[in-house]
Every structure is written in structure tokens, then in C-alpha cells.
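Below is one structure, written out as C-alpha cells; the observations come after it.
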Amino acid sequence: MNSKLNIVVRVDLDHAKALVIAKGHITVHSVNALYVVVKRANSLRKGLDLKLDISHARVDEEALEMLHTASETHHLPARIDPQQAPCTISVLAPRREHMPARRALIAA
């Protein structure tokens with residue numbers, strides 16, 4: 001998997017929906033770039049339903065926790081959005097707890 005972060009945004013303003021798709025490696029440092037893209041998408045329309053698809057990305061545990069916190073609080077970090085605009089974001093992530101066992105079986 002490529003470590004470079006690749007982000008695609010799909011917006012449907014008629015239905016107030018946006019899908020942000022991220023691929024690559026998401027770290028505690030690169031998650032800030034993702035936040036900036038989400039902030040810009042969120043500013044397009046009030047009440048936008050944002051989905052963040054990171055199911056095809058490699059996500060560090062700490063970065064995943066940061067994304068889930070933004071989802072739960074409905075706000076991006078203050079350093080990214082000092083105005084603290086409401087942001088309804090859903091994180092679509094793969095279940096990672098089973099992946100190491102599956103890899104072990106393949107290697108055996």
C-alpha cells in the first residue's frame with residue numbers, strides 16, 4: 001500500500017451529502033490534511049452529512065481515535081476549525097481487530 005495520502009471528495013448538494021474517500025497511510029500528522037479537506041467540504045452547505053471512507057487506508061490507531069473523537073463531538077479540532085462549526089461526520093473504517101490473525105493464517 002502506498003504511504004502517500006490520496007483524498008477524493010464527492011459532493012451531492014441537492015441531497016446535502018458528501019463522501020470523502022481517503023487512501024494511503026493516515027498518521028497523526030497526515031490526519032490534519034484530512035481534517036482540512038473535511039472542513040472545506042463541510043463549509044459548502046449548512047447541515048451537510050459527511051461520510052469519511054477510510055476503509056481502503058492504513059490508519060494508525062491514534063489517528064483513528066482522533067477521527068472517532070471528531071465524529072462523536074460533531075466538531076473538528078480547534079486548531080483546524082477555530083470557529084468550531086458543527087460537523088456531522090461518520091467514519092467508515094474496516095474492522096482491524098481480525099486482520100493480524102488472518103495474516104498469520106496466510107503466512108502459515
Side-chain angles (χ1 to χ4, degrees):
M1 180 178 287
N2 190 356
S3 64
K4 183 178 174 183
L5 195 56
N6 182 355
I7 303 170
V8 175
V9 181
R10 295 184 179 149
V11 181
D12 180 353
L13 291 176
D14 292 334
H15 295 102
K17 294 181 181 182
L19 176 64
V20 178
I21 303 166
K23 296 180 181 179
H25 186 190
I26 302 173
T27 67
V28 293
H29 303 291
S30 66
V31 74
N32 291 320
L34 201 50
Y35 283 143
V36 170
V37 172
V38 168
K39 179 185 174 191
R40 292 194 75 181
N42 191 53
S43 70
L44 293 174
R45 181 172 174 185
K46 187 175 181 177
L48 193 68
D49 178 32
L50 277 160
K51 297 210 183 308
L52 175 59
D53 184 352
I54 54 173
S55 61
H56 298 290
R58 185 175 57 162
V59 186
D60 290 350
E61 189 64 34
E62 190 174 350
L64 185 60
E65 288 176 22
M66 293 167 67
L67 292 169
H68 282 298
T69 298
S71 175
E72 291 167 4
T73 63
H74 300 286
H75 290 90
L76 297 173
R79 70 183 177 283
I80 301 297
D81 184 12
Q83 307 303 321
Q84 290 295 282
C87 182
T88 304
I89 181 171
S90 301
V91 180
L92 309 174
R95 295 180 184 224
R96 300 231 181 249
E97 63 269 10
H98 299 296
M99 290 182 74
R102 194 178 292 171
R103 285 186 187 148
L105 289 174
I106 293 171

TODO: Show your reasoning for whether side chain to side chain contact (heavy atoms under 4.5 Å, CB included) applies to L44 and L13.
DONE: CA-CA 8 Å; L44 293 174; L13 291 176; 4.1 Å; yes
Task: Considering all heavy atoms, the nearest L5-A33 contact - done: CD2-CB, 4.5 Å
Task: S71 side chain to L67 backbone, donor-acceptor under 3.5 Å - done: no
TODO: Would you check if H25 and D60 make a side-chain contact, meaning some heavy-atom pair closer than 4.5 Å?
DONE: yes
Open item on the list: Ignoring hydrogens, what is the shortest heavy-atom contact between A57 and A22? Give both atom names and the distance.
Closed with: CB-O, 3.5 Å
TODO: Find out whether I7 and I21 are in side-chain contact, i.e. whether some heavy atom of one side chain is under 4.5 Å from a heavy atom of the other.
DONE: no
TODO: Supply the atom-to-atom distance S90 OG to K51 NZ, rounded to the nearest 0.5 angstrom.
DONE: 4.0 Å
TODO: In sequence, state the C-alpha distance, the side-chain angles, and the governing distance for T88 and L50, and then conclude on side chain to side chain contact (heavy atoms under 4.5 Å, CB included).
DONE: CA-CA 6 Å; T88 304; L50 277 160; over 6 Å; no
- [ ] Could you state whether V36 and I54 fall into the same hydrophobic cluster, counting links through intermediate Ile, Leu, Val, Met, Phe, Trp or Tyr residues with side-chain heavy atoms under 4.5 angstrom apart?
- [x] yes
- [ ] Could you check if a side-chain atom of V38 sits within less than 4.5 angstrom of a side-chain atom of C87, using non-hydrogen atoms only?
- [x] yes
- [ ] Over all heavy atoms of both residues, which pair between H75 and A85 is shortest? Give the atoms and the distance, please.
- [x] CD2-O, 3.6 Å
- [ ] Sort out for me which residue in V59, I26, V31, V28 forms a side-chain contact (heavy atoms from CB on, under 4.5 Å) with L64.
- [x] V59
TODO: Identify the heavy atoms of A41 and V9 that sit nearest to each other, and give their distance.
DONE: CB-CG1, 4.4 Å
Open item on the list: Quick one, L52 and L92 - any side-chain contact, counting heavy atoms below 4.5 Å?
Closed with: no
Open item on the list: Are the side chains of N32 and R79 in contact, using a 4.5 Å heavy-atom criterion?
Closed with: yes
Open item on the list: In the structure I gave you, are the side-chain heavy atoms of D81 and Y35 within less than 4.5 Å of one another anywhere?
Closed with: no
